[in-house]
Amino acid sequence: MYREPGRTGSEGRKGGRYRGGPMASPNLPDKPSLDGLEDRWGAVWEADGTYRFDRTKERSEVFSIDTPPPTVSGSLHVGHVFSYTHTDTIARYQRMQGKSVFYPMGWDDNGLPTERRVENYYGVRCDPAVKYVEGYAPPEKPAKKRQDYDAISRRNFIELCEELTESDEQVFEQLWRHLGLSIDWSMTYSTVGPTTQRISQRAFLRNLARGEAYSQEAPSLWDVTFQTAVAQAELEDKDRPGAYHDLAFHRTDGGGDIVISTTRPELVVSCVALVAHPDDERYQPLFGTTVTTPVFGVEVPVRAHPLAEPDKGTGIAMICTFGDTTDVTWWRELDLPTRAVIGKDGRFGFATPEWLDTDGAREAYGRIAGKAAGGAQIQMVELLRESGELLGEPKPITHPVKFYEKGDKPLEIVTTRQWYIRNGGRSAELREALLERGRQLGWHPDYMRHRYENWVEGLNGDWLISRQRFFGVPIPLWYRLDADGVPDHDDPIVPPEADLPIDPQADVPAGFLADERDQPGGFTGDPDVMDTWATSSLTPQIATGWEEDPDLFARTFPMDMRPQAHEIIRTWLFSTVVRAHYEHDALPWANATLSGWILDPDRKKMSKSVGNVVVPTDLLEQHGADAVRYWAASGRPGTDTAFDPGQMKIGRRLSIKILNASKFALGLGEPAPDAPVTEALDLAMLGELAGLVDEATRAFEAFDYARALQRTEEFFWRFCDDYLELVKGRAYGDGAGAASARIALRLALSTILRLFAPFLPYVTEEVWSWHQGGSIHRATWPASGSLRALAGDASGADGAPSCLVVAADVLGRIRKAKSDAKVSQRAAVDLVTVTDTADRIAALAAVIDDVAAAGTVATLDTVVTDGEGEAIVDVVLAPPAEA
RNA sequence: GGGCGUAUGGCUCAGUUGGUUAGAGCGCUGCCUUCACACGGCAGAGGUCACAGGUUCGAAUCCUGUUACGCCCACCA
């Protein structure tokens, strides 16, 4: 499914756009501007293949990134812009370090969000029983109610999914290109489509063959709206109002009533036991005896289990099959019978349960049959009131209830057959192995590893991967049917890998005929699809062409970096580690980088309302891509960051400053290439620059792009405010001093531009094009060594005061004097006397002409003092010239 | 209940091995239409570094405890 290499042959660089100044380089604009940079350079990068992955490089020369495939079921928001920019800065840094950067984009167009979006967009719903319609056209307007949506075949439904996601993906790609992500668009993958299906099915079959995947009929959490089982990782607690109902159970030994408190009185009919803590003296005498349930009069045992909490409710609880996950634990560990009443639709079954053996009980059940939990509860409370077994009034409480994270109704627990992948939830040994994988992984920021450990240590079951949905990767299995048409789930029919991908609903297993499907003695296809995470957990394998493109795989796997959001450590990150652990006995990547969230100005997680108002394309239009990237990159790794257009304005100002400062530096004319840097001020500046390069490099190596940006920016402003002003007078002149300044300026500019390039790709490329060949994004990341060698003693290693620092300090005093006198900074100064320590005066002496020129000072005297006090700078302004 | 993170001027944040007087930008005030830049520039005001102890010659930084906010996790009758 890899796309063909992207468009080529689009228009190249537009020449002759700029008129140069008299002394300027030929490409230097009169009035530099940010306008139009995105369109122009975007086209050039595409035409030149600037970000194309070079797959001739060996693994050691490659930096490969497991890009998060955004869910193509709506729109990208500011949060995406934020985190994808972070990754892009790293990608650009690595590319400039000489790595061949493998940076594909993926689209997650597989799963429930897509299904839901397609249903609502077209007004259709999938019904596997409906036949395929060639050339099906969805309704003009979706029906108002979901029930009235057009019922269509699975194949028609999938076609609509593909149609809608295709157009969504184009919109996404445009935004990413505009933002300047340095993605190789020829390597794009999607999570639906034959290649991904094949990889996903292959990985599953290998899990199955090694015993890592298994199926089991068991109580599982069930979403009644989506009608599918869900996994532990997809749960979300929501606080919901409820009420404690005190119910009377009757001792069969004639000892009176036992009172239990429950929030789900409607489940009395499925009660299989009462339970109290083994040490609870109040109930110890009852263990081993039986009681009868209210209303239904069913006899159930009283049992002991340590999970029962004496101080909760009355200290004794009813166990139902199943009210919550604790019920499942008790049911399993106490070996209790199953009396399930709630079906997959979330309603109480119509059939009267066989364990009800009185007419009264059966009549009572008739009043709750067919009802959903809420309606059943109302009826049940009525029944309990009538029988006098509801003691007092229900006491309202608020309590956490488990929801499917995308669902809006509480989960029920329904017994179904499901597929699982072992993930350590039931094996201490496997759990430890996976914890060890977490320890081997580089986490950025490091503290995020706790979330992984927390999650793995808290697992209480294996990973449920089957979903009773339509759009997704099918479980690639069939089952033999016996003479009664009962499937043999223990010995599935497995397709050969060469046949993948298969759809067991359409394809026929070897040795069977199509008309044997669903016939006694024949076969049946597994009806389920895999959970979206079961496929997403394979993004490293999908992106790198596992078993599809062995050459690519060898050059890119295991990957270097997985960028992702921190709230999906338990799902995406963990499941990816599990799959690679099984398949490759390795980590899928060496590093995980976690991005924070975008917060409202009031520090809450960006709300839907705000998120919908702030449209990324508008931001890019309004502020420019570089400015938006600047804002994004100033958010530290893993840290939640406030949405702040103010930061974007600063980014824009920075970009403009880069244009203008560059124009100045380059407009001085090109010095002889071998002209030496001789002046102390220039050498000191280059020495400081070397330190900056080291710092930025160190920060990037630690994935701390924000720090690299912050340091570079800090240097750059001082460079402009102080160095540029100090050097200006000399640089305008001629001779060795001017040549030194011009060489140093060009060197500094080239270095600073490259340090900024990962953050501000457009403006840096623009300036680069004024005086250098090729793309800055293919240029070499600056090295401090040559700068430091050039700077020599001026590196400041000996602890002597830097002449740049002293000069800037004195210049600042002169500026303040002018500011206090409320005169122009250009106002002439007759005399400046600097009184300072010997070493600082010595530093100043080396640059005294530059300082005098920058401050328009006629005479600059220095006085050495051995005092400890601060430097004294006396400024005598020239009298204002008479007009 | 367990874990993690954050707390620095009105706002957004730097402050990496503890080291002089805690920095920057925004906003605010004043000045400057200076030949790179008015989509500017220069200068200024503004902080008991959440709180309480402790270690140290020295703490925003290290330790202990507390508080607030946020997040992750948890069997939630």
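Below, chain A is the first sequence line, B the second, and so on; all start at residue 1.
- Here E670(A) does not pair with R742(A) in a salt bridge; the nearest charged N to carboxylate O distance is not below 4.0 Å.
- Nucleic acid contact class of E309(A) (heavy atoms, under 4.0 Å, all strands): base.
- For A854(A), the side chain to side chain contact (heavy atoms under 4.5 Å, CB included) partners at least two apart in sequence or on another chain are L726(A), L811(A).
- Every residue meeting the ring-ring contact (aromatic ring centres under 6.0 Å, His included) condition with H566(A), not counting sequence neighbours, appears here in chain and number order: W597(A).
- Atoms CG (D640(A)) and C1' (U6(B)) sit 10 Å apart, rounded to a whole Å.
- As a whole-Å value, the separation of Y705(A) OH from C13(B) C1' is 14 Å.
- Residue contacts for A308(A): at a heavy-atom cut-off of 4.0 Å it reaches a base atom on one of the strands shown.
- Comparing the P positions of G10(B) and A45(B) gives an interatomic distance of 16 Å, to the nearest angstrom.
- Between C13(B) and U6(B), the two P atoms lie 13 Å apart (nearest whole Å).
- Using a cutoff of 4.0 Å between basic side-chain nitrogens and carboxylate oxygens, D30(A) and K663(A) are not scored as salt-bridged.
- C63(B) and C4(B) are spaced 13 Å apart, taking the P atom of each and rounding to whole Å.
- Taking a 6.0 Å sphere around CG of D734(A), one finds it holds 12 or fewer heavy atoms contributed by other residues, nucleotides or ligands.
- The ring-ring contact (aromatic ring centres under 6.0 Å, His included) search around W463(A) returns none, not counting sequence neighbours.
- OP1 or OP2 of G23(B) has not a single side-chain nitrogen or oxygen of Q710(A) nearer than 4.0 Å.
- Within 4.0 Å of E695(A), counting heavy atoms only, lies no atom of the nucleic acid at all.
- Whole-Å rounding puts the L235(A) CG to C72(B) P distance at 14 Å.
- Contacts of K728(A) with the nucleic acid, taken as non-hydrogen atoms under 4.0 Å apart, include base atoms.
- Separating the C1' atom of G19(B) from that of G41(B) is a span of 35 Å, rounded to the nearest Å.
- For residues 622-634 of chain A, every residue pair satisfying the salt bridge (Lys or Arg N to Asp or Glu O under 4.0 Å) rule, not counting sequence neighbours, is listed here: D88(A)-R629(A).
- Rounded to whole Å, atom P of C26(B) lies 16 Å from atom NE2 of H623(A).
- Shown here are the side chain to side chain contact (heavy atoms under 4.5 Å, CB included) partners of T571(A), two or more places apart in sequence or in another chain: A233(A), W533(A), I568(A).
- Among the atoms of the strands shown, only primed sugar atoms or phosphate atoms (P, OP1, OP2) are found under 4.0 Å from some heavy atom of R570(A).
- One interatomic measurement links the two molecules: CG of D644(A) to C1' of G27(B), which rounds to 12 Å at whole-angstrom precision.
- Look at the P atom in both A24(B) and G44(B): the space between them is 10 Å, to the nearest Å.
- Take E453(A) and apply the side chain to side chain contact (heavy atoms under 4.5 Å, CB included) test, not counting sequence neighbours, and it matches L435(A), R439(A), R449(A), H450(A), E457(A).
- A pairwise comparison of heavy atoms in H305(A) and V275(A) identifies CB-CG2, 3.5 Å as the closest pair.
- No side-chain heavy atom of W222(A) sits under 4.5 Å from any side-chain heavy atom of V230(A).
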Pair assignment for RNA chain B - dot-bracket with | for other-strand partners, Watson-Crick or G-U under 3.5 Å: (((((((..((((.....[...)))).(((((.......))))).....(((((..]....))))))))))))....
Which protein N or O atoms sit under 3.5 Å from an N or O of nucleotides 1-5 of chain B?
residue : atom : partner : partner atom : Å
G2(B)   : N2   : N454(A) : ND2          : 3.3

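- If you take atom P in A74(B) and the same atom in G18(B), they sit 37 Å apart, rounded to whole Å.
- Separation of the P atoms belonging to U21(B) and G27(B) is 31 Å when rounded to the nearest angstrom.
- Counting non-hydrogen atoms under 4.0 angstrom, L307(A) reaches a base of the nucleic acid.
- Every residue two or more places apart in sequence or in another chain was checked for a ring-ring contact (aromatic ring centres under 6.0 Å, His included) with F715(A), and none qualifies.
- Taking the C1' atom of each, G54(B) and U61(B) are spaced 15 Å apart, rounded to whole Å.
- Judged by distance alone, the side chains of D246(A) and S261(A) do bring a donor and an acceptor atom under 3.5 Å apart.
- I569(A) comes within contact range of no nucleotide atom at all, as no heavy-atom separation falls under 4.0 Å.
- Contacts of L654(A) classified as side chain to side chain contact (heavy atoms under 4.5 Å, CB included), with partners at least two apart in sequence or in another chain: Y630(A), I658(A), E713(A), F716(A), W717(A), F756(A), L760(A).
- The side chain of K822(A) lies closest to C31(B) when the candidates are C75(B), A74(B), C31(B).
- Between Y705(A) and H86(A), the ring-plane angle classifies as parallel under the 30° and 60° cut-offs.
- Across all their heavy atoms, S83(A) and S595(A) have their closest contact at CB-OG, 3.4 Å.
- No contact: T329(A) has no heavy atom under 4.0 Å from any strand.
- Rounded to an integer number of Å, the gap from E567(A) CD to C73(B) P is 9 Å.
- Spacing between atom NE2 of H399(A) and atom C1' of A74(B) amounts to 17 Å, rounded to whole angstrom units.
- The residue among A317(A) and E714(A) whose nearest nucleotide of RNA chain B is located toward the 5' end is E714(A).
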Give me the distances for all protein-to-nucleotides 39-43 of chain B N/O pairs that come in under 3.5 Å?
residue : atom : partner : partner atom : Å
G41(B)  : OP1  : K657(A) : NZ           : 3.2
G41(B)  : OP2  : R653(A) : NH1          : 3.2
C42(B)  : OP1  : D721(A) : OD1          : 2.7
C42(B)  : OP1  : D721(A) : OD2          : 3.2
C42(B)  : O2'  : Q825(A) : NE2          : 2.8

Shorter than 3.5 Å, N or O on both sides, protein versus nucleotides 60-63 of chain B: list them out with atom names.
none

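- Atom pair F715(A):CZ and A24(B):P shows a separation of 17 Å (rounding to whole Å applied).
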